[in-house]
Amino acid sequence: VERPGSQALDRAVARILIIDDDPNASRRLASIVAELGHEPSIAGSWTDALRSFDPVRTDIVLMDAVMPNVDGFKLTRILRARAASYVPILFVTGLEDASAKELGASVGADDFLNKPVEPAQLELRLKAMLRIRRMTMDLEARSSELARLANYDELTGLRNRRNLDDNIQVELQRARRYRRPMSVLMLDVDHFKRVNDTHGHAAGDEVLTFLGGLLARITRAGDLSYRYGGEEFVVVAPETTTELACNLAERIRASFERESAGMSVGRQTASMGVAGTDLWRHQILPTTIFYAADVALYRAKEDGRNRVCAYEPAKETEDLLDECED
Ligand code: GH3
Ligand code: MG
Ligand code: MG
């Protein structure tokens, strides 16, 4: 799938859509466009225009202001709403009156040309429009790259903690609204410090990358995997009870243990804590479910690592009471 801004306009040839209900006018315009070295296509009606307008690939639109049914003013609004990135729209108008230009400018026309179109005039305008198109595509590419950097972890390619913080509230609310279960799995690599100390930081990074790939592969399409920080990972599993999430966690744990044996640093293990919304009868906060998964993870570590533990609310209460008695 082509994302908006995922491709910079580095070609000299622009794809130009000519919209005009007069076939003679559009043919004439198309031949000038072709002579200037660009790639014209023609739409003779507004329905035709909607069909021919490519939200990603159309670079510039040459729009006839006056057409039956849906005129250039309305069509400009429709095309702008469909375009994945900013497409300059140049009005070609036989009307000399200022009101057509005013209206055109207010709906977002970038410039105007009078009919019949002078090739030299068109060339100048196209150069300017193409510059706008290039600049906005550049900016769009840069801002989508910034969004990627802000939400994804460089090393593993998984989503990062910031993205998790943004998503978890929405997931919890959705689960509550539709009365569906939802679980959080928290994973921490066992004795990871040893990997770094024995084999070096780069080898440690390799383990993290490997684990990131494994999580992306094993989890279902609806599950989202995150690098929570350091050697800690989180999987958010919608539509999943604590019990089912434990099965998923166990699959991840077993695969990591088995498949990591093929790495140069040798077999690695991880411990996991699981908490699902079904453990509570009331609405819970993101901090509550993370706290619970973390408590369960801590227990998995204490019980000997390389294992999965689910949060047990009753057990935590008992432990607290024990502490009070001590
Ligand atoms: P435990 O089984 O109790 O989890 O032991 P551990 O050694 O995994 O736990 P600890 O939290 O003491 O150590 C985590 C280590 O992870 C320490 C830190 O140097 C390392 N680490 C954190 N982020 C990265 C990273 O991005 N790359 C590498 N190579 N190491 C990292
Ligand atoms: Mg840790
Ligand atoms: Mg660890």
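Along the sequence shown, residues carry numbers from 1. Note that ligands are numbered from 1 as they come in the structure, with each ligand's atoms numbered from 1 the same way.
Shown here, atom 10 (P) of ligand 1 is out of close reach of the protein: none of its heavy atoms lies under 4.0 Å off.
Close approach of ligand 1 to V189 is summarised as follows: ligand atoms under 4.0 Å from at least one heavy atom of the residue are 2 (O), 4 (O), 8 (O). Heavy-atom contacts of G204 reach the following atoms of ligand 1: 29 (N) (cutoff under 4.0 Å).
Between the side chains of R133 and S85, at least one donor N or O sits under 3.5 Å from an acceptor N or O. Inspection of the D278 and T241 side chains reveals no N or O donor paired with an N or O acceptor under 3.5 Å. Side-chain contact annotation: R253 with N306, donor-acceptor N/O pair under 3.5 Å present. Looking only at atom types and distance, the side chain of S271 has no donor-acceptor partner in the side chain of D188 under 3.5 Å away. Side-chain contact check for Q121 and R125: at least one donor-acceptor pair (N or O, by modelled atom type) lies under 3.5 Å. A donor-acceptor contact closer than 3.5 angstrom links the side chains of T240 and R220.
In terms of N/O distances under 3.5 Å, ligand 1 is not approached by L208. At least one N or O atom of F192 sits closer than 3.5 Å to an N or O atom of ligand 1.
For the residues K301, R227, E302, the heavy atom positioned nearest atom 1 (P) of ligand 1 is part of K301.
Ring geometry for Y228 versus F290: interplanar angle of 30 to 60°, hence tilted.
At least one N/O/S atom of V189, from backbone or side chain, sits under 2.8 Å from the Mg ion (ligand 3).
The protein atom (non-hydrogen) at minimum distance from atom 14 (C) of ligand 1 is E231 CD, 3.6 Å. With respect to atom 3 (O) of ligand 1, the closest heavy atom belonging to the protein is R305 NH2, 2.9 Å. The protein heavy-atom contact nearest to atom 5 (O) of ligand 1 is H191 N, 3.4 Å. Counting only heavy atoms of the protein, atom 23 (N) of ligand 1 lies nearest to G230 CA, 3.2 Å. Looking from atom 13 (O) of ligand 1 to the surrounding protein, the closest heavy atom is K193 CB, 3.9 Å. The protein atom (non-hydrogen) at minimum distance from atom 27 (N) of ligand 1 is D205 OD1, 2.6 Å.
Salt bridge D138/R134: absent, no basic N to carboxylate O contact under 4.0 Å. In this structure, R28 does not pair ionically with D20, as no charged nitrogen and carboxylate oxygen lie closer than 4.0 Å.
Checked against V184 for a side-chain contact (heavy atoms from CB on, under 4.5 Å), the options D294, I168, V235 give a single hit: I168.
Contacts of N196 with ligand 1, taken as heavy-atom pairs under 4.0 Å, involve the side chain alone. The side chain of D188, and not its backbone, has at least one atom closer than 4.0 Å to an atom of ligand 1 (non-hydrogen atoms only; side chain from C-beta on).
Here the angle centred on the Mg ion (ligand 2), running from OE2 of E231 over to OD2 of D188, is 90°, rounded to 10°.
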